[in-house]
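The figures here come from the full heavy-atom set of this structure, side chains too, leaving out hydrogens, waters and symmetry mates. Given the structure is predicted, the values throughout are model-derived calculations rather than measurements. The chains referred to below are lettered A, B, ... by the order of the sequence lines, with proteins before strands, and numbering in each begins at 1.
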Amino acid sequence: MPEGHSIHRLARQFNDVFAGQTVEVTSPQGRFSAGAQLLDGARVGDSFAHGKHLFVGFDNGLYLNVHLGIYGAWTFGGDEQFQGASSIGAPRRVGERELGADVQPAAYTGPPAPKATVRARLVSEHGWADLVGPTVCRTLTVDEVAQVRAKLGPDPLNDDADPTAFFTAVSKTSRPIGVVLMDQKVISGVGNIFRAESLFRQKIDPLRPAKSLSAEEQRGLWEDNKHLLKIGVRVGRIITTEPQDRPGIAETEAWPEHANYVYHRQGQPCPRCGSTIAVDEIAGRKLYWCPGCQV
DNA sequence: GCCCTATGTTAAA
DNA sequence: TTAACCTAGGGCT
């Protein structure tokens, strides 16, 4: 469920709390035991995200590569260094924030007993991280990391991303732009919410063939997804409404009914034109849009 | 308890 | 296009 912004926040969290630290790596659930053994006792290096893939470097040359899929989530705990994010990943409650406001216990005395579903656990001197429910959890060599990244489209959150690759891919296909935006080989990090919201904000019908988009529309989608993803990184939630569309409500305080224009708002009136927000299932995912604004 | 849902991806048919 | 995979919360009975 997390879209790209969550993974970039995770990379930052790993850099903040684990970089330079020697870690014990285990797999309480058992399904990552072999990989955990390869990383156990190594020192954590640089971590980064490419789209929805997280890469955590270790000083033995290996990387931990995690993709959360729909259900995956990381939970953190530890001493004062670990204050900040308590949980990043699949939201389990409406209005949940990635940034934990919870105050950690004053004295850190070690990690709690792991739940049986914990695929991977990292423990340093200062704290711990538990991973549950990932689609991907594996170790990769440097070359393998490059191979994985080569198959991914540019990530608007990465400074070295080349939007030209996105524009070219969009120009070449007659698949609906609403489907193409979800294709991680075309653009990385955009998920179901950013797709729906960016298409609404740019007033583009999701079913239009991608190749029918003008250069201006292509550019608009790239820039708006970058803009929205950056807000997501900053506040730890997906907020896509402009301030004037949620009067008096700060982006960090916006509840779901004020946070998005069309996502999960089917049957409600469009805040811009009053048309009824529509939903349909396309390529196995729910697609939300405003039939009045998006043409 | 049981059913539904979810910010995702891959493989098989 | 469908199924499979992975997990937990909420609403219901």
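Legend: residues meeting side-chain contact (heavy atoms from CB on, under 4.5 Å) with A/P28, ordered by chain and number and at least two apart, are A/T26, A/P114, A/V118, A/R121.
Taking OH of A/Y63 as the start and CG of A/D143 as the end, the distance is 11.0 Å to the nearest 0.5 Å.
In this entry the distance linking CD of A/E281 with P of C/dA3 reads 12 Å, nearest Å. What separates CD1 of A/I70 from C1' of B/dA6 is a distance of 6 Å, to the nearest Å. Atom-to-atom, NE2 of A/H50 to P of B/dG8 comes out at 16 Å; the value is rounded to the nearest Å. When rounded to the nearest whole Å, the span between CZ of A/R175 and P of C/dT1 equals 12 Å. Protein atom CG of A/N192 is 14 Å distant from nucleotide atom P of B/dT5, rounded to whole Å. Following rounding to the nearest Å, A/H5 (NE2) and B/dG8 (P) show an atom-to-atom distance of 10 Å. In this structure, NE2 of A/H53 is placed 7 Å from P of B/dT9, rounded to the nearest angstrom. A/R285 has its CZ atom 17 Å from the P atom of C/dA3, to the nearest Å.
Between C/dA8 and A/K115, a contact under 4.0 Å exists linking OP1 or OP2 to a side-chain N or O. Between A/T135 and the phosphate of B/dT10, there is no side-chain N or O to OP1/OP2 separation shorter than 4.0 Å. Phosphate proximity of B/dT9 to A/H67: present, with a side-chain N or O under 4.0 Å from OP1 or OP2. Here A/Q184 does not reach the OP1 or OP2 of B/dT10: none of its side-chain N or O atoms lies under 4.0 Å away. Between A/H264 and B/dA6 there is a side-chain N or O to OP1 or OP2 distance below 4.0 Å.
Listed nucleotides: C/dT7, B/dA6, B/dT9. Nearest to the side chain of A/Y263: B/dA6. The side chain of A/T117 lies closest to C/dT7 when the candidates are C/dT7, B/dG8, B/dA6.
Annotation: B/dT5 and C/dT13 have their P atoms spaced 15 Å apart (nearest Å). If you take atom P in C/dC5 and the same atom in B/dA13, they sit 13 Å apart, rounded to whole Å.
The shortest side-chain heavy-atom distance between A/I204 and A/Q294 does not fall under the 4.5 Å cut-off.
When heavy atoms are screened at a 4.0 angstrom cut-off, A/R31 is found touching the sugar-phosphate backbone but no base atom. Residue-level contact check: A/Q29 touches the backbone only, with heavy atoms under 4.0 Å from sugar-phosphate atoms and none from bases. At a threshold of 4.0 angstrom between heavy atoms, the contacts of A/R119 are confined to the sugar-phosphate backbone, with no base atom among them.
The aromatic ring centres of A/F14 and A/F76 sit less than 6.0 Å apart. Between A/Y288 and A/H264, the ring center distance clears the sub-6.0 Å criterion.
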